[in-house]
Number of protein chains: 2
Amino acid sequence: MLSIEFGNASLCKEARLALRDAIELLGGKWKICILQHLELGTKRFKDLQEVMVGISPKVLTQELLELEQNLLITRTVNNTKPITVSYSLTPFAYEAQAVYDALLAFGIEHRKRIKGTLSGKTIPTV
Amino acid sequence: MLSIEFGNASLCKEARLALRDAIELLGGKWKICILQHLELGTKRFKDLQEVMVGISPKVLTQELLELEQNLLITRTVNNTKPITVSYSLTPFAYEAQAVYDALLAFGIEHRKRIKGTLSGKTIPTV
DNA sequence: ACTATTCGTTACCTTTAGGTAAGTAACCTT
DNA sequence: AAGGTTACTTACCTAAAGGTAACGAATAGT
């Protein structure tokens, strides 16, 4: 994801950096979805792949690695017959729940508002 | 911005769509920043251009148009000597404040956590 | 007539997020 | 030995976001 810019004014440096970090880490196509699913409990690679319809193993690996490097999930290799790998949330990840909630609430209100508006963009229904 | 995918499971359709809308509308490099600055009061195109260091008029026009079409800002043409255009928030835009707050809070905590971690990504300080 | 200001547009280019398809490695079952 | 399962990796490609640079239209000042 391209990095967010905030010019210089009105936002103190720390806030600007924090906001950029958050958007970079949680933005993109799959991150919030992965975190949401892991909130239901520990999942294996395969589980996630099945639930994230359309994701490729390459991208899933990528996303999981980023989340792990940022301390939001832990990766555990299990010594099972064919090897399996488990992913689960760290306590830190639960802080992201507030972002999810806010986005969801905003999205719901926005959707009500935009429905039937000619000037609004065509919203998907699938 | 590419559209968010949420597979099919665990998230009811409406929630999934709402979340996708929200991320698409508020994501990207400049949106939240623009809304934040407009929260300080009505701003002209030029004002925004000066404050968003690095944005080109093309991109600024683009972003403002999207926000207008989604009913978050209003655009007013003033009949001044050289024409000026004012942008201001609609009441709806204030709902996005919660998203900003959540992202900021998460970003601040995350930044504390990651600081000095070898496994964490290199966080920018500029 | 010439230049400046404000708010754009247009054409073109680069970067990156994400997708596709195939292959690898370890281990198991038949 | 052949084929299946799990968790990847590798190489290549596409589409979209965003950047750069130049130009246009309206109006005003000198």
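In what follows, every chain begins at residue 1, and chains take the letters A, B, ... in the order their sequences are listed.
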When rounded to the nearest 0.5 Å, the distance separating OG1 of B:Thr61 from CD1 of B:Ile55 is 8.5 Å

From CZ of A:Phe45 over to C1' of C:dA26, roughly how many Å is that when rounded to an integer? 16 Å

First locate atom CG of B:Leu89, then atom OG1 of B:Thr42, and finally report the distance between them rounded to the nearest 0.5 Å. 8.0 Å

From CG of A:Leu60 across to C1' of D:dA7 the rounded distance in Å is 10 Å

Carboxylate-amine/guanidinium contact B:Arg113 B:Glu109, below 4.0 Å: no

Want to settle it: does B:Pro57 or A:Lys81 sit nearer the 5' end of DNA chain C, counting the closest nucleotide to each? B:Pro57

D:dT5, OP1 or OP2 - any side-chain N/O from A:Arg44 closer than 4.0 Å? no

From CD of B:Glu63 over to C1' of D:dG18, roughly how many Å is that when rounded to an integer? 9 Å

Cut-off 3.5 Å, side chains only: do B:Thr90 and B:Thr74 have a donor facing an acceptor? no

B:Glu66-B:Asn70 side chain donor-acceptor pair, cut-off 3.5 Å: no

Between A:Lys58 and D:dT9, is there a side-chain N or O to OP1/OP2 distance below 4.0 Å? no

What nucleotide, of C:dC7, D:dT9, D:dA7, holds the atom closest to the side chain of B:Thr84? C:dC7

Within this structure, what is the CE-to-P distance between B:Met52 and D:dG18, rounded to whole angstrom? 14 Å

Could you tell me how far apart A:Gln49 (CD) and D:dT5 (P) are, to the nearest whole angstrom? 13 Å

D:dG19 phosphate, OP1 or OP2, under 4.0 Å from B:Lys29 side-chain N/O: yes

If you check the A:Trp30 side chain, which of D:dA7, D:dC8, C:dG18 turns out closest? C:dG18

Any side-chain N or O of A:Tyr87 below 4.0 angstrom from OP1/OP2 of D:dA7? no

B:Ile83 CD1 to D:dA28 P, straight-line distance once rounded to whole Å: 11 Å

Rounded to the nearest Å, what distance is computed from the CG atom of residue A:Leu65 to the P atom of nucleotide D:dT10? 13 Å

Walking DNA chain D from its 5' end, the first of A:Pro82 and A:Val59 to be reached, judged by nearest nucleotide, is A:Pro82

DNA chain C: A:Ser56 or B:Gln62, which has the more 5' nearest nucleotide? B:Gln62

Whole angstroms only, please: what is the CD1-P distance between A:Ile55 and D:dT9? 14 Å

Give a yes/no answer on whether the side chain of B:Lys46 brings an N or O atom under 4.0 Å of OP1 or OP2 in C:dT6. yes

